[in-house]
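Encoded as structure tokens, the structure appears first; notes follow it.
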Amino acid sequence: MTPETNSVTAPAITPPQRVLLGPGPSDVSARVLAAMSAPTIGHLDPEYLKIMDETRSMIQAVYSTKNEMTMATSGTGSAGMEMCVVNLIEPGDEMIVGVNGVFGTRMRDVAERSGATVHSVEADWGQIIQPDAVAEALKQHPSTKVVGIVHAETSTGAHQPLVEISEMVHAAGALLLVDAVTSIAGVELLVDEWNIDAVYSGTQKCLSCPPGLAPVSFSQAALDVMDKRQSKVQSWYLDIFMLRNYWGGDRVYHHTAPINMTYALHEALRIVLEEGLEARVARHTLHHRALRAGLEAMGLSYVPEHSLTTLNAVRVPEGVDDAVVRKRLLSEYGIEIGAGLGPFKGKAWRIGLMGHSSTRRNVLLILAALESLLAEQGAAFTRGAALAGASDVYAPA
Ligand SMILES: *Cc1c(COP(=O)(O)O)cnc(C)c1O
């Protein structure tokens with residue numbers, strides 16, 4: 001090796017141990033990291049195909065669906081969004097999208113790029129999409145093919161109810177597409193019972209797996225619509241018709257599956273199902289309640305009226321420097337939280353309690369750290385009230 005070559009060699013990476021309490025990724029358990037380091041085998045190896053089949057069954061369980069067309073898309077949550085939209089939409093189709101934050105805005109963009117004529121149903125950031133507004137849009141645009149909506153709007157913390165909207169969408173003869181990136185394995189999500197036709201998520205939020213795969217699922221009604229397409233799906237990589245032959249019976253090579261990511265997701269799903277979906281949702285609810293009691297005791301107010309349990313968006317108190325607090329949380333405590341986006345830039349914090357990160361230890365840690373930093377910044381509140389508020393939730397008198 002020449003000295004020149006040597007001089008560009010980088011040292012081995014040494015990422016620090018963080019406490020991930022932002023909008024994702026969340027903390028990944030040692031079991032999942034260990035699974036990732038198992039030997040890489042071929043993507044058509046019978047042993048790998050078995051792992052894929054098990055992964056698919058476990059995704060079905062976590063989505064509470066029997067949909068056969070359920071799989072993990074290669075790519076992050078946004079790839080799942082794109083996969084759902086490009087397979088359902090043909091140029092000229094009409095689509096209604098609920099827009100009340102970053103991810104509804106992104107879905108609208110993807111739909112427009114796919115050639116859809118998009119009708120937005122908007123709500124202020126932090127608010128949910130009102131069923132009446134969806135009903136009105138369906139009335140105005142009766143040939144709407146797909147209605148897309150975000151179940152858990154991670155940019156604002158809003159928790160969108162879906163049941164009533166689903167009934168309206170189906171009564172109008174359209175399909176319901178749901179972004180479940182921050183709800184899967186964290187809040188209740190019943191794909192079959194709620195009649196969701198297409199759903200996508202990511203691995204790095206409440207599944208507590210590194211980012212890299214996007215579990216998706218399609219109902220028979222959605223597949224029937226796709227079977228009637230006149231035009232080819234615009235994306236070769238995300239074309240369900242070809243991928244069906246790999247995830248389905250024929251195992252035809254399409255693209256090389258991210259083998260070790262599948263190991264990670266397999267282990268993450270095992271952990272979710274060992275805990276049980278109901279117990280997991282209850283755990284997220286408990287730690288959210290404790291965090292909320294603590295934050296409110298320090299005078300912090302929530303952005304959304306209907307808050308997710310997995311993502312807590314709170315306003316930065318008057319006179320407190322948003323960036324300084326986040327920077328010191330990271331450098332002095334090793335804690336990552338999220339900044340506000342869009343209209344909430346510099347004005348809100350997004351504290352995630354997702355999957356492996358949703359623990360009593362983390363709730364008490366972030367409250368203690370925030371209390372100390374906010375006091376230094378001169379915020380007025382009663383010292384000790386935050387931890388007392390959280391403790392009362394854990395051990396009611
Ligand atoms: C994180 C997120 C996405 C995008 O996922 P990536 O993994 O970042 O591509 C989409 N929708 C919602 C609601 C999210 O929280």
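Just the heavy atoms: all of them, side chains too, but no hydrogens, waters or symmetry mates, feed the values below. Both counts, for ligands and for their atoms, begin at 1 and track the order of listing. From a predicted model like this one, the values you see are computed outputs, not experimental measurements.
- Sorted by first and then second residue, the salt bridge (charged side-chain N to carboxylate O under 4.0 Å, His left out) pairs involving residues 388-397 (not counting sequence neighbours) form an empty list.
- The closest approach between a heavy atom of Gln204 and any atom of ligand 1 is below 4.0 Å.
- Inclusion of Thr154 in the set of residues having an N or O under 3.5 Å from an N or O of ligand 1 is warranted.
- Each of the atoms 15 (O) of ligand 1 lies under 4.0 Å from some heavy atom of Thr182.
- The closest heavy-atom contact to atom 11 (N) of ligand 1, among the options Thr310, Thr203, Asp179, Thr76, comes from Asp179.
- Not a single heavy atom of Glu153 sits under 4.0 Å from any atom of ligand 1.
- Residue pairs that meet the ring-ring contact (aromatic ring centres under 6.0 Å, His included) test with at least one member in residues 375-397, sequence neighbours left out, are His287-Tyr394.
- Ligand 1 has an N or O atom lying under 3.5 Å from an N or O atom of Gly77, backbone or side chain.
- In the model, Thr285 has no side-chain atom that pairs as donor or acceptor with a side-chain atom of Thr309 under 3.5 Å.
- Using a 4.0 Å cutoff on heavy atoms, Gly24 does not count as a contact of ligand 1.
- Inspection of the Arg315 and Ser301 side chains reveals an N or O donor paired with an N or O acceptor under 3.5 Å.
- At the top of the distance list for atom 3 (C) of ligand 1, counting protein heavy atoms only, stands Phe103 CE2, 3.3 Å.
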For this session: Begin with the C-alpha distance, continue with both residues' side-chain angles, and end with the deciding distance and a verdict on ring-ring contact (aromatic ring centres under 6.0 Å, His included) for His255 and Tyr246.
Result: CA-CA 9 Å; His255 67 266; Tyr246 177 48; 7.2 Å; no
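- Using a 4.0 Å heavy-atom cutoff, Ser78 is listed among the residues neighbouring ligand 1.
- Partner Val110 forms a side-chain contact (heavy atoms from CB on, under 4.5 Å) with one of Ile89, Val118, Val85 and no other, that one being Val85.
- A side-chain donor-acceptor contact under 3.5 Å links Thr65 and Asp192.
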For this session: Show your reasoning for whether ring-ring contact (aromatic ring centres under 6.0 Å, His included) applies to His254 and Trp236.
Result: CA-CA 10 Å; His254 179 256; Trp236 180 90; 4.1 Å; yes
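- Those atoms of ligand 1 that come under 4.0 Å of a heavy atom in Arg106, given as number and element, are 4 (C).
- Close contacts between ligand 1 and Ala152 involve ligand atoms 13 (C) [criterion: under 4.0 Å to a heavy atom].
- Of the candidates Lys205, Glu82, Met107, the one placing a heavy atom closest to atom 2 (C) of ligand 1 is Lys205.
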